[in-house]
Asker: 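Pasting a structure here, questions to come.
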There are 2 protein chains.
Amino acid sequence: MAKGITRERIVAAALDLLNDKGMDALTVRALASRLGVGAPALYWHVRNKQELLDEMSTFVMRRVIQALSEIDPGAGWRDAMAAYARVLRSEYLKHRDGARIFSGTRFSDPSVVTAKDPWLESLTGAGFSLAEADDAIDLITAFVVGFVIEEQERNRPRDDDPERYSLEGRDEWLGEGADLVKAAGHLRDDGDQRFERQLGVVLDGLAARLR
Amino acid sequence: MAKGITRERIVAAALDLLNDKGMDALTVRALASRLGVGAPALYWHVRNKQELLDEMSTFVMRRVIQALSEIDPGAGWRDAMAAYARVLRSEYLKHRDGARIFSGTRFSDPSVVTAKDPWLESLTGAGFSLAEADDAIDLITAFVVGFVIEEQERNRPRDDDPERYSLEGRDEWLGEGADLVKAAGHLRDDGDQRFERQLGVVLDGLAARLR
DNA sequence: ACCTGAACACCGTTCAAGT
DNA sequence: ACCTGAACACCGTTCAAGT
C-alpha cells in the first residue's frame with residue numbers, strides 16, 4: 001500500500017526526512033521516494049515546495065498550541081508564561097534546526113494566531129495593560145527563538161573541526177588573552193539549566209512592570 | 001577592469017546580491033555574473049558555497065565588533081548592554097533576513113569570540129558573577145536575534161496575500177472571537193519603540209540579579 | 001596564478017499521457 | 001481523481017585547457 005498519499009502523510013514524511021538528513025537533503029525527489037511515489041505525484045497534493053514548508057511550520061505550531069491547551073491557565077501569569085516558554089522550546093527541539101526553520105513563519109492557519117487570546121487574558125487579568133501583555137508574549141517568544149537557535153547550532157553534528165567545540169581545543173583556538181571568555185566557557189553548564197536561569201531573568205523583568 | 005576578483009570583493013558582492021534579490025537568488029552563477037566572471041572562477045578564491053556563506057557571516061559579525069569597539073565602555077553595564085543590543089539589531093537589519101541568516105553561525109574568526117571579553121569585564125566589575133555575566137550576554141543576544149527575526153519576517157515584501165497584514169484584513173482573517181488579539185494588533189506600534197520597551201524589560205530582569 | 005568552456009549529477013516544476 | 005515518464009531550465013561543482 002504505497003498509495004493513499006495525502007497532504008498529512010506528506011508533511012509527516014517531510015518532518016521525518018528533515019530530522020534524518022537535514023534541510024539540504026529535504027528535496028522533493030527524496031521526499032517522494034520515501035513515500036514510494038514519483039516526484040511529480042506530490043504536486044497533485046501540494047502547490048509547490050514553499051507550500052510544503054508552510055504546512056510543516058503550521059503543523060509544528062499546531063502542536064505547540066495543542067500542548068499549551070493542556071496547561072492549567074489559572075496557575076498565575078508567571079507559571080503560565082514559563083510553561084509557554086518551555087513548551088515552545090521543547091517543540092522546536094524536536095526538529096533539527098527547528099527554531100531557525102520554524103520561527104517567524106507566516107501561518108496558513110488563523111487558529112495559530114487566535115490561540116494567543118487566553119494568554120492575553122491571563123496577563124491582563126494579572127494587572128498588565130494590553131500593550132504590556134502583548135509585549136510580554138512577544139518578548140518570551142523572541143527569547144526562546146534566539147536561545148534555541150543558538151542551542152541547536154551548538155549541538156549540530158559537525159563534520160569539520162570538532163575540536164573547536166571541546167574546551168581545550170577552544171582555548172587553543174582562541175589564542176592569547178580573552179581569559180574571561182575562556183573561564184566562562186569552562187563554567188558553561190547544561191542547556192536546560194541555562195534556559196531556566198535566563199527565563200527567570202526575563203520573568204523578573206516582566207514582574208518589575210507590575211509595580 | 002572586470003578582473004582582480006578577490007575574496008573580499010566576492011563577499012561584498014554576495015551581500016549586495018542578498019539584499020537585492022534575497023537568499024534564493026543568491027546563486028554562484030548570479031554572483032559570478034555580477035562580478036563579470038564565469039561561475040567556476042569563484043572556486044579559485046573560495047572552496048565552495050558554504051565557505052562563502054561563512055565568510056559573509058564573519059564579515060557581518062566583524063562589523064558588529066567594529067561598531068561595539070566605538071562604544072564608551074565606562075558608561076555602566078546597563079547602557080553598555082543596551083548599546084550592544086542596539087548595535088546587533090541595526091547590523092542585522094542592514095541585510096535582508098539578516099537575523100535568520102547570520103545568527104548562530106560558526107565563526108571562522110576567533111577575534112569575533114574574544115571580543116566578548118571586555119563586556120564580561122564590565123559586567124563582573126559591576127557586581128555580576130562570571131556565570132551571570134555570561135548568561136546576560138547570551139540572553140541579550142537571544143532576545144535580539146528572536147526579535148529581529150520576527151521583525152524582518154513581518155516587514156518582508158510579500159507577493160501573496162498582502163491584506164493579511166493590514167489591520168482590517170487581519171481582523172477579518174482571524175474570524176470570530178479573539179478580541180484581545182485584534183485589539184492588541186491595533187495597539188501595535190513602531191518596531192523601534194517595541195524593541196526599546198522589551199529591551200528595558202530584559203535589563204530590569206538583569207538588574208534584579210544585582211540585589 | 002587566475003580564469004574559461006564544457007560537462008556531470010542533481011534540483012524544482014510542468015505536462016501530456018496513463019489508469 | 002491520482003499518478004507516471006519524459007522533459008525543461010537551472011543549480012553547485014569539477015576539470016582539462018587556456019593565458
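Just so you know, these numbers come straight off a predicted model, no measurement behind them. Quick note on labels: first sequence line is chain A, next is B, and so on, each numbered from 1. These numbers come from the heavy atoms of this one structure, side chains and all, not from hydrogens, waters or symmetry mates.
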Asker: dT14(C) P sits how many Å from K49(A) NZ, rounded?
Answerer: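 One finds 14 Å between P of dT14(C) and NZ of K49(A), rounded.
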
Asker: Evaluate ring-ring contact (aromatic ring centres under 6.0 Å, His included) for F102(B) paired with Y92(B), printing each intermediate quantity in order.
Answerer: CA-CA 8 Å; F102(B) 298 119; Y92(B) 281 151; 7.5 Å; no

Asker: Expressed as a whole number of angstroms, how long is the span from D24(B):CG to dC10(D):P?
Answerer: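 Interatomic distance, CG of D24(B) to P of dC10(D): 15 Å.
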
Asker: Give the rounded distance in Å between these two atoms: CG of L31(A) and C1' of dC11(C).
Answerer: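 My rounded result for the distance is 14 Å.
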
Asker: For dG5(C), what is the paired nucleotide under Watson-Crick or G-U wobble rules, both distances under 3.5 Å?
Answerer: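 dG5(C) is paired with dC15(D).
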
Asker: Does D138(A) pair with R188(B) as a salt bridge, N-O distance under 4.0 Å?
Answerer: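 Looking at R188(B) together with D138(A), the answer is yes, because their closest N to O distance falls below 4.0 Å.
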
Asker: In terms of side-chain geometry, is the basic nitrogen of D20(A) or R34(A) positioned less than 4.0 Å from the acidic oxygen of its partner?
Answerer: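 So D20(A) pairs with R34(A) through a salt bridge.
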
Asker: With a cut-off of less than 4.0 Å, is there a side-chain N or O of H45(B) near OP1 or OP2 of dC3(C)?
Answerer: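 Answer is yes, contact under 4.0 Å.
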
Asker: Grab the NZ-P distance between K21(A) and dC10(C) for me, whole Å please.
Answerer: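 Spelled out: NZ on K21(A) to P on dC10(C) is 14 Å.
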
Asker: Just the rounded figure in Å: distance from C1' of dC15(C) to OH of Y43(A).
Answerer: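 Y43(A) atom OH is separated from dC15(C) atom C1' by 13 Å.
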
Asker: In terms of the nearest nucleotide of DNA chain C, which residue is placed more toward the 5' end: P40(A) or A30(A)?
Answerer: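 Result: A30(A).
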
Asker: Angle class for the W119(A)/Y84(A) ring planes (parallel below 30°, perpendicular above 60°, tilted otherwise)?
Answerer: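 Tilted.
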
Asker: Please report the distance, rounded to the nearest Å, between CG in L42(B) and P in dC15(D).
Answerer: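 It is 17 Å, rounded to the nearest whole Å.
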
Asker: Would you mind telling me which residue lines up with the more 5' stretch of DNA chain D, T27(B) or A41(A), judged by nearest nucleotide?
Answerer: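 First, find each residue's nearest nucleotide; the 5'-ward one identifies A41(A).
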
Asker: How close or far is atom C1' of dT19(C) from atom CH2 of W44(A), stated in whole angstroms?
Answerer: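 Going from CH2 in W44(A) over to C1' in dT19(C) covers 13 Å.
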
Asker: Please report the distance, rounded to the nearest Å, between CZ in R29(A) and C1' in dA6(D).
Answerer: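 In whole Å, dA6(D) C1' and R29(A) CZ are 11 Å from each other.
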
